[in-house]
Amino acid sequence: MPRSEPMKAARGVRDILPAAIPLWRQAEEGAADVAKRFGYQEIATPIIEQLELIQRAGEDTDAVAKELYRLEKRGSQDLALRPEATAGVVRAYFEGGLNQGPQPSRLYLIGPMFRHDKPQKGRYRQFFQFNVEVIGGGSAGFDAEVIELAGAWLDEVGAGDLRLELNSIGDGKCRPAYLERLKEYYRPLKSRLHADSQLRLERNPLRLLDSKVPQEQPFKAGAPKITDHLCPECAAHWAAVRRLLDAAGIEYQVNPYLVRGLDYYTRTVFEFYPGGATGQQDALASGGRYDGLAEAEGWPSTPGVGFAGGIDRVTELMASSGEAVVARPAADVVVLPDGDLAVEAAEVARICRGVRSTAVDYEPRSLAAKMRAANKLGAKFVVLLTPEDAAKRTARLRDMSSGEQTDLEWVELPTRLA
RNA sequence: GUGGCUAUAGCUCAGCAGGCAGAGCACCAGAUUGUGGAUCUGGGUGUCGCGGGUUCAAAUCCCGCUAGCCACCCCA
């Protein structure tokens, strides 16, 4: 047989092994707890969606073109793996009739997302997000609420010091005029911009503000700030959000360069970063208001605000900050048959499982080896079974911490183990 | 898309002025007349990522490829 490479996981994806699961659970359960405490309900949407839904929510950005996992066409629908959750949640809100219920709908979702990125630390092709969405409510109170919720989650799971950045990017009423001012400012500088930025200048000028090209940094300082050019409604909303955050004692930094590239985003944008990190660190959670998204999907215009938190990054932070989680033993009780007693050992295990997690060592190895294995597993008890015992339906129970042993009948096991 | 680093046992890695492929951990067994942890003893489980080149001789030097990691770019 020709030798071949052993099979490995697909590029950019990873396993969450048993030892890492407690930390993972802590991040997820922390998310669910906080969301419920704020009155949010869980929703689960498919990881596949119609390609068109994702394209409408992402327009024709490079990201959609390059990073979307499209599925081979089956039947008449083009499908893709979801790269983010909000588009699907908004779709489900209408399709499931949540728009008929009390407004707004407060929803949360935890699940995997897929992007064909080049993998690197904290960035995977299948990654997990905690999403919180308020759909059907346009008040500033909701903006502040989801920000507070995001901060509470990161705090409680032990993500450590945080930095919250905040901005407003206006809406369809005031943004176009601001973008004209921005273009006017950058046009004379066009020849000094990076090639990518020259394209953005006419197509998506807002993105010039978060450019990281070193030679463009000095230009940003002189650029008009959108928060100076908000319409009265957006300005009032912006002021209200900040007032609410101040009242809640939530610290933030206004970052006039924090933007979103898509038209349906409106008003509030925010991102949480690890506090110790400087510069270009990936956000732990990012969100904002998307009053134009429902309409982009072809549904009635409906306001919404929310955020997405990266569970992979958060668990990595938890691990590095020494967040200790003790893994529970796989089984409290291990049955060690001495000889060919698989049937009897399985029956004894079945009896023990009524009161404690129980495993059986079926391997034909020495009793010493079985004891070693049971010890490493963290077993609290072992049940030793010899052919003579088995014939009489008796066994020997050993307490692994005290070393104490007692001979007893199988039927006595539940009471002795309980 | 760009760049840097890495690739040797199941795992982590050493070996690299070219000369018989190694350690620790893990695993198996024994000391213990078949009862765990501590200790000791024994056991190597390998196409040195793949393909070429240089050489008497290549894990080691050179070229190419592939994969992984890290960073930049990007990130709905």
Side-chain angles (χ1 to χ4, degrees), chain A residues 2-14 17 49 51 53-69 80-88 90 113-125 127 129 131 194-197 200 204 207 210-214 216 259-265 269 271 279-283 286-288 290 292-293 296-297 306 308 310 313 334 336-339 361 363-387 395-405:
Chain A
R3 197 183 91 118
S4 62
E5 284 294 307
M7 295 303 302
K8 300 284 183 61
R11 185 163 158 75
V13 303
R14 59 178 186 155
L17 298 173
E49 289 282 356
L51 179 61
L53 174 83
I54 292 160
Q55 283 174 332
R56 287 207 197 184
E59 295 176 3
D60 56 350
T61 57
D62 278 4
V64 167
K66 289 184 193 161
E67 295 175 11
L68 193 64
Y69 278 101
L81 298 182
R82 64 183 181 192
E84 54 93 35
T86 306
V90 169
M113 310 295 158
F114 303 85
R115 294 183 192 178
H116 189 87
D117 264 336
K118 195 159 176 177
Q120 56 184 272
K121 192 173 178 63
R123 183 176 195 169
Y124 305 97
R125 289 182 172 179
F127 56 99
Q129 284 192 335
N131 269 84
H194 187 267
D196 291 346
S197 297
R200 284 181 189 145
N204 200 348
R207 296 309 293 272
D210 66 356
S211 161
K212 289 169 191 109
V213 181
E216 296 175 10
V259 298
R260 292 282 184 270
L262 301 177
D263 284 344
Y264 59 75
Y265 282 109
V269 293
E271 297 190 342
Q280 299 140 6
Q281 184 74 29
D282 282 320
S286 67
Y290 46 84
L293 177 57
E297 291 184 11
R313 284 176 196 157
V334 182
L336 308 184
D338 184 8
D361 190 336
E363 290 287 47
R365 51 184 170 181
S366 71
L367 190 53
K370 288 177 182 169
M371 288 293 291
R372 251 196 313 275
N375 185 50
K376 283 190 180 166
L377 214 55
K380 296 184 175 70
F381 299 94
V382 295
V383 178
L384 299 153
L385 205 58
T386 63
R396 181 168 292 177
L397 178 68
R398 179 181 177 89
D399 181 321
M400 291 296 272
S401 55
S402 68
E404 200 176 310
Q405 299 194 148

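So that the names make sense, note that chain A is the first sequence line, chain B the second, and so on, each numbered from 1.
Taking atom NZ of residue K66(A) and atom C1' of nucleotide C75(B), one finds them 11 Å apart after rounding to whole Å. Atom NZ in K370(A) sits roughly 16 Å away from atom P in G37(B) (whole-Å rounding). Between the C1' atom of C75(B) and the NE2 atom of H116(A) lies a distance of 14 Å, rounded to the nearest Å. The distance from atom CE of M371(A) to atom C1' of G37(B) is 9 Å, rounded to the nearest whole Å. As a whole-Å value, the separation of L367(A) CG from U33(B) C1' is 14 Å. Rounded to whole Å, the distance from CZ on F127(A) to C1' on A76(B) is 10 Å. One interatomic measurement links the two molecules: NE2 of H194(A) to C1' of C74(B), which rounds to 12 Å at whole-angstrom precision. The interatomic distance linking D117(A) (CG) with C72(B) (P) rounds to 13 Å, in whole Å.
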Evaluate side-chain contact (heavy atoms from CB on, under 4.5 Å) for H194(A) paired with S211(A), printing each intermediate quantity in order. CA-CA 9 Å; H194(A) 187 267; S211(A) 161; over 6 Å; no
Walk me through it: do R125(A) and E67(A) pass the test salt bridge (charged side-chain N to carboxylate O under 4.0 Å, His left out)? CA-CA 9 Å; R125(A) 289 182 172 179; E67(A) 295 175 11; over 6 Å; no
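Comparing A76(B), U35(B), U2(B) against the side chain of E84(A) picks out A76(B) as the nearest. Among the nucleotides G34(B), C69(B), C75(B), the one closest to the side chain of P119(A) is C69(B). Distance from the side chain of A368(A) is smallest to G36(B) among A76(B), G36(B), G1(B). Distances were taken from every side-chain heavy atom of I54(A) (C-beta onward) to each of G3(B), A76(B), A29(B); the shortest belongs to A76(B). Comparing atom distances between the L384(A) side chain and each of U35(B), G36(B), A76(B) picks out U35(B) as nearest. Looking at the side chain of D282(A), the nearest of the listed nucleotides A29(B), C75(B), A76(B) is C75(B). Closest to the R115(A) side chain, of the nucleotides A71(B), A76(B), G37(B), is A76(B). Ranking C74(B), A71(B), G36(B) by closeness to the K212(A) side chain, first place goes to C74(B).
The side chain of R365(A) contributes an N or O atom lying less than 4.0 Å from OP1 or OP2 of C28(B). The side chain of R372(A) contributes an N or O atom lying less than 4.0 Å from OP1 or OP2 of A29(B). Between Q120(A) and A71(B), a side-chain N or O to OP1/OP2 separation shorter than 4.0 Å is present. Contact between the side-chain N/O atoms of S366(A) and the OP1/OP2 oxygens of C28(B) is not found at any separation under 4.0 Å.
The C1' atoms of A71(B) and G15(B) are separated by 30 Å, rounded to the nearest whole Å. Spacing of P atoms, A38(B) relative to G19(B), comes out at 39 Å, to the nearest Å. If you take atom C1' in C69(B) and the same atom in C13(B), they sit 16 Å apart, rounded to whole Å. Using atom C1' as the reference point in both U66(B) and G49(B), the two lie 8 Å apart (nearest Å). Spacing between U2(B) and C73(B) at atom C1', rounded to whole Å, works out to 8 Å. Taking atom C1' on both G46(B) and U8(B), the two are 8 Å apart, rounded to the nearest angstrom. A distance of about 16 Å separates the P atoms of A23(B) and A14(B), rounded to the whole Å. Distance noted for atom C1' between G10(B) and A17(B): 33 Å (whole Å).
For a distance-only test at 3.5 Å, the side chain of R123(A) qualifies as a donor-acceptor partner of the base of C74(B). In terms of polar N and O atoms assigned as donor or acceptor, the side chain of R11(A) never comes within less than 3.5 Å of the base of G68(B) in a complementary pairing.
L336(A) comes within contact range of no nucleotide atom at all, as no heavy-atom separation falls under 4.0 Å. Using a 4.0 Å heavy-atom distance criterion, K376(A) is classed as a sugar-phosphate-only contact. Counting any heavy atom pair closer than 4.0 Å across all strands shown, A373(A) reaches no nucleic acid atom. The residue R14(A) sits apart from the nucleic acid: no heavy atom pair falls under 4.0 Å. Nucleic acid contact for R125(A): none, since no nucleic acid atom lies under 4.0 Å from a heavy atom of the residue.
Cation-pi contact between R14(A) and Y124(A): present, with separation from the ring centre below 6.0 Å and deviation from the ring axis of at most 45°.
Contact check on R123(A) versus D117(A) returns a salt bridge, with a Lys/Arg side-chain nitrogen under 4.0 Å from an Asp/Glu carboxylate oxygen.
Taking the side chain as every heavy atom from C-beta outward, L367(A) and L336(A) approach each other to under 4.5 Å.
Remark on RNA chain B: of its neighbouring residues S401(A) and P364(A), the 5'-side contact belongs to P364(A), judged by nearest-heavy-atom nucleotide.
Side-chain atoms of Q129(A) do not come within 3.5 Å of backbone N or O of E84(A) as any donor-acceptor pair. Using modelled atom types, one side-chain atom of R313(A) and one backbone atom of G122(A) make a donor-acceptor pair closer than 3.5 Å.
Base pairing annotation: U55(B) forms no Watson-Crick or G-U wobble pair, as no partner gives both donor-acceptor distances under 3.5 Å.
R56(A) and A296(A) make their closest contact through CD-O, 3.0 Å (heavy atoms, listed as atom of the first residue, atom of the second, distance).
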